[in-house]
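Okay, so here's the structure we're looking at.
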Amino acid sequence: MYELNQKIKELVPYEPISGTYNIRLDANECPDNLPDNILEQFHQKLDEIAFNRYPNPLALRLVQSFARYYGVKPELVTAGNGSDELIFLIESAFLEKGDKMLVVSPDFSMYQFYSSICEVECETFFKNESLDIDVDALIETINANDIKLVLFSNPCNPTGKGITREQAQRLVSSVSALVILDEAYMDFWTESLLDKIEDYSNLIILRTASKLVGSAALRLGFAVANPVISRAIKAVKSPYNVNSISQAFGEVIYQNREYLQNRQKTIVRNKETLYNGLVDIAKSQTDMTVYSSVANFVFVKTPRAKEIWEYLKTKSIVVRLMGGCLRITAGTADEVGETLAALKEFF
Ligand code: PMP
């Protein structure tokens with residue numbers, strides 16, 4: 001009789017929130033589907049795909065399109081089946097048995113989850129009261145504990161806060177550990193280190209098409225690193241990790257610079273409206289904290305989080321409940337308006 005091993009025995013498959021809601025603000029996605037002119041470009045691309053052939057293993061045209069958009073060299077970019085795949089891949093390949101990695105808390109939970117599957121020891125560095133990272137203390141912890149890999153999101157999911165370019169550079173240059181900056185939400189802020197990637201021997205930056213780019217369905221993630229690390233990532237990934245449809249559509253998306261820049265402005269504006277509305281509500285709620293955000297969502301701490309979450313669901317609005325906190329994605333202007341109205345009604 002075969003028995004599952006200890007590390008996977010208790011695991012359950014990932015279950016997204018069930019049910020249908022008019023307003024979905026729970027997964028930090030882009031609120032609008034792609035516009036017709038881009039869908040039209042997709043249709044044309046479909047005709048070029050050889051469905052009987054394996055995809056290009058290095059997703060060359062996709063990577064070139066991504067690299068042109070962000071102003072990085074294409075040879076430094078590896079495409080993945082979502083950045084989720086790349087996180088798992090990097091943790092499993094860049095650490096050896098007995099190595100220790102470090103995550104910060106609160107942060108994106110998958111980092112720690114994958115470490116348990118990889119059987120890698122994972123330590124946690126806690127953020128301060130205001131949910132900021134004390135960068136000097138983080139550097140000290142990494143160096144004092146012989147940490148081989150440190151991985152965190154910047155800006156952070158779920159807090160919406162981030163460290164500046166200057167702080168990130170200080171961190172990377174003060175440790176010999178491999179630093180992975182997950183910039184999934186950096187399209188909404190200005191502090192990316194992408195342009196400095198070649199200055200460091202120990203830096204990987206992750207990006208995704210799932211947030212600003214509005215292509216979560218395509219599962220496209222990217223790892224950017226110096227030539228040595230890039231080559232290693234390409235060497236350890238499975239050969240055909242990004243399918244031909246995603247490669248072709250992704251190539252198209254990053255050619256639509258003006259569309260992406262306009263989307264960015266709209267989402268940031270809606271996030272500001274959401275933040276200001278929440279701050280307004282919090283004025284009459286002494287136990288409610290609204291954290292300032294440089295991402296496309298706002299994080300709120302309140303002892304009534306569960307109650308609010310349940311109430312919003314009755315209004316066909318779903319946000320993310322995280323213990324005593326709510327993470328609310330900036331939807332369209334109408335969605336933000338309706339959500340704020342429902343919250344006012346609740347209180
Ligand atoms: N990193 C962070 C910080 C995220 O929030 C997410 C998605 N929730 C991911 C990575 C995964 O993105 P992808 O869709 O590219 O796998």
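Each ligand, and each atom within it, is numbered from 1 in the order the structure gives. Only heavy atoms go into these numbers, but all of them, side chains included; no hydrogens, no water, no symmetry mates. Note that the numbering runs from 1 along the sequence shown for the chain.
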Suppose I only count heavy atoms of Ser153 and a 4.0 Å limit; which atoms of ligand 1 are within that range? 3 (C)
To check your reading of the model: name the closest protein heavy atom to atom 7 (C) of ligand 1, its residue, and the distance in Å. Lys211 NZ, 3.2 Å
Ligand-residue contact atoms, ligand 1 with Ser210, heavy atoms, under 4.0 Å: 13 (P), 14 (O), 15 (O)
Should the pair Lys344-Asp280 be classified as a salt bridge under the 4.0 Å nitrogen-to-oxygen rule? no
Check whether Leu131 and Phe126 end up in the same hydrophobic cluster, where Ile, Leu, Val, Met, Phe, Trp and Tyr are linked by side-chain heavy atoms less than 4.5 Å apart. no
Which residue and heavy atom of the protein sit nearest atom 12 (O) of ligand 1, plus the separation: Ser83 OG, 3.1 Å
Look only at the side chain of Lys7 and the backbone of Glu119, and say whether a donor-acceptor pair between them is shorter than 3.5 Å. no
Among Tyr70, Tyr69, Tyr254, which residue satisfies the ring pair (Phe, Tyr, Trp, His ring centres under 6.0 Å) criterion with Phe222? Tyr254
Output yes when a side-chain donor or acceptor of Lys161 lies under 3.5 Å from a complementary backbone atom of Ser130, and no otherwise. yes
Proximal ligand 1 atoms for Gly82, defined as those under 4.0 Å from one of its heavy atoms: 15 (O), 16 (O)
With a cut-off of 4.0 Å, which atoms of ligand 1 are near a heavy atom of Thr208? 12 (O), 13 (P), 14 (O), 15 (O)
Output the list of atoms in ligand 1 that are nearer than 4.0 Å to some heavy atom of Tyr185, sorted by atom number. 3 (C), 4 (C), 5 (O), 8 (N)
Any heavy atom of Tyr111 closer to ligand 1 than 4.0 angstrom? yes
Show me which atoms of ligand 1 lie under 4.0 Å from any heavy atom of Asn157. 3 (C), 4 (C), 5 (O)
Is the shortest side-chain heavy-atom distance between Asn28 and Arg327 below 4.5 Å? yes
Identify the closest protein heavy atom to atom 3 (C) of ligand 1: which residue and atom is it, and at what distance? Asp182 OD2, 3.4 Å
What atoms in ligand 1 come closer than 4.0 Å to a heavy atom of Asp84? 16 (O)
Interatomic distance, CZ@Phe346 vs CD@Gln285, rounded to 0.5 Å, equals 8.5 Å
Nearest 0.5 Å, please: how far is CG in Leu62 from OG in Ser246? 8.5 Å
What residue and heavy atom of the protein are closest to atom 6 (C) of ligand 1, and at what distance? Phe108 CZ, 3.6 Å
For the residue pair Tyr185 and Phe297, categorise the inter-ring angle as parallel (less than 30°), tilted (30 to 60°) or perpendicular (more than 60°). perpendicular
Quick one: nearest non-hydrogen protein atom to atom 16 (O) of ligand 1, plus distance? Arg219 NH2, 2.7 Å
